[in-house]
*Asks:* 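Can you keep this structure in mind? I'll have questions shortly.
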Amino acid sequence: MAMALRTAVAAAAAPRGFRRLFSTTFTPPFNPPSASVAAQQREKAEPSTNLFVSGLSKRTTTEKLHEAFSQFGEVVHAKVVTDRVSGYSKGFGFVRYATLEDAAKGIEGMDGKFLDGWVIFAEYARPRQPPTPPENNMYTPYGHQ
DNA sequence: CCTGAGCGT
């Protein structure tokens, strides 16, 4: 029995609806200004003395952060965020300058620079949640009467 | 020890 092995034609049944998929007039991915409040989280925060520093090396400590940013202004407070359980740095931190001017100089001076072998990014930190909301309850922290 | 976007115990 001679089996004529004919070349199997790769009959790829190509759908005929793909040629107009990209021809359809679609709306450009532009976010309307009437976006929800979720948009402000992605945008850069307004000038503040508080700086958010990311891209830090896991070995960079609070001292090193304070030391590095002190070159461009009066650093009032600096801290590298570390994990509570592991104790290691999360790779980012916060730096607070005395004035907005120093904060601006700190960003211009440290943003995109190297620190411990890593390119760091300095920007204005977002307004954090209100610090320790006082108990508005009937119970006074100074001892109930 | 650290693999890598991010907004703080």
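In what follows, chains carry the letters A, B, and so on, assigned in the order in which the sequence lines appear, proteins first and then strands, with residues in each chain numbered from 1.
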*Asks:* Atom CZ of A:Phe121 and atom CG of A:Leu56: how far apart are they, to the nearest 0.5 Å?
*Replies:* 10.5 Å
*Asks:* Among residues 89-100 of chain A, which ones have heavy-atom contacts with DNA chain B below 4.0 Å?
*Replies:*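 Within residues 89-100 of chain A, the residues near DNA chain B are A:Lys90, A:Gly91, A:Phe92, A:Phe94.
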*Asks:* So what does A:Tyr124 touch, heavy atoms closer than 4.0 Å: a base, only the sugar-phosphate, or nothing?
*Replies:*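 Base contact.
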*Asks:* From B:dC7, B:dG4, B:dT9, pick the nucleotide closest to the side chain of A:Trp118?
*Replies:*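 Nearest nucleotide to the side chain: B:dG4.
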*Asks:* Starting from P on B:dG6, measure out to CG on A:Leu51 and report it in whole angstrom.
*Replies:*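 Computing the A:Leu51:CG to B:dG6:P distance gives 18 Å.
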*Asks:* Specify the separation, in whole Å, of atom NZ of A:Lys58 and atom P of B:dT3.
*Replies:*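 Nearest whole value for this atom pair: 8 Å.
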*Asks:* Send over the distance from A:Leu65 CG to B:dG8 C1', rounded to a whole Å.
*Replies:*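 Atom-to-atom, A:Leu65 to B:dG8, this comes out as 12 Å.
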*Asks:* Near A:Gln71 CD, under 6.0 Å, is it more than 12 heavy atoms from other residues, nucleotides or ligands?
*Replies:* yes
*Asks:* With a 4.0 Å cut-off on heavy atoms, is A:Leu56 in touch with a base, just the backbone sugar-phosphate, or nothing at all?
*Replies:* base
*Asks:* Of the candidate nucleotides B:dG8, B:dT9, B:dG6, which contains the atom at the shortest distance from the side chain of A:Ser54?
*Replies:*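 Output: B:dG6.
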*Asks:* Please report the interatomic distance CD1(A:Ile107) to OH(A:Tyr97), rounded to the nearest 0.5 Å.
*Replies:*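 With rounding to 0.5 Å, CD1 (A:Ile107) is 8.5 Å from OH (A:Tyr97).
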*Asks:* Among the nucleotides B:dC7, B:dT9, B:dA5, which one has an atom lying closest to any side-chain atom of A:Ala125?
*Replies:*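 From the listed options, B:dC7 comes nearest.
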*Asks:* Map A:Gly87 and A:Glu123 onto DNA chain B by nearest heavy atom, then report which one ends up closer to the 5' terminus.
*Replies:*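 Nearest-nucleotide comparison on DNA chain B picks A:Gly87.
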*Asks:* Please report the distance, rounded to the nearest Å, between CG in A:Asn50 and C1' in B:dG8.
*Replies:* 9 Å
*Asks:* Between atom CZ in A:Phe52 and atom P in B:dG4, what is the gap in whole Å?
*Replies:*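 Going from CZ in A:Phe52 over to P in B:dG4 covers 17 Å.
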*Asks:* If only side-chain N and O atoms of A:Arg126 are considered, is one of them under 4.0 Å from the OP1 or OP2 phosphate oxygen of B:dC7?
*Replies:* yes
*Asks:* How close or far is atom C1' of B:dT9 from atom NE2 of A:His77, stated in whole angstroms?
*Replies:*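 Spelled out: NE2 on A:His77 to C1' on B:dT9 is 11 Å.
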*Asks:* Can you tell me how far OG1 of A:Thr49 sits from CG of A:Leu100, rounded to the nearest 0.5 angstrom?
*Replies:*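 Output value for this atom pair is 6.0 Å.
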*Asks:* Once you apply a heavy-atom cut-off of 4.0 Å, does A:Ser57 come out as touching a base, just sugar-phosphate, or nothing?
*Replies:*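 Since a base atom lies under 4.0 Å of A:Ser57, the category is base.
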*Asks:* Of the non-hydrogen atoms in A:Lys90 and A:Lys58, which two are nearest, and what is the gap between them?
*Replies:*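 That closest heavy-atom pairing would be O-NZ, 4.3 Å.
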*Asks:* Hey, does A:Thr82 reach any base, or is it just sugar-phosphate, or nothing, if we go heavy atoms under 4.0 Å?
*Replies:*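 Counting heavy atoms under 4.0 Å across all strands, the contact made by A:Thr82 is with sugar-phosphate only.
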*Asks:* How about CD on A:Glu123, more than 12 heavy atoms from neighbouring residues, nucleotides or ligands closer than 6.0 Å, or not?
*Replies:*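 Yes, because the 6.0 Å sphere around CD of A:Glu123 holds more than 12 heavy atoms from other groups.
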*Asks:* Let me check something: any side-chain donor-acceptor pairs from residues 73-85 of chain A under 3.5 Å, sequence neighbours excluded? List them with distances.
*Replies:*
from, atom 1, to, atom 2, distance (Å)
A:Asp83, OD2, A:Val85, N, 3.0
A:Asp83, OD2, A:Ser86, N, 2.9
A:Asp83, OD2, A:Ser86, OG, 3.2

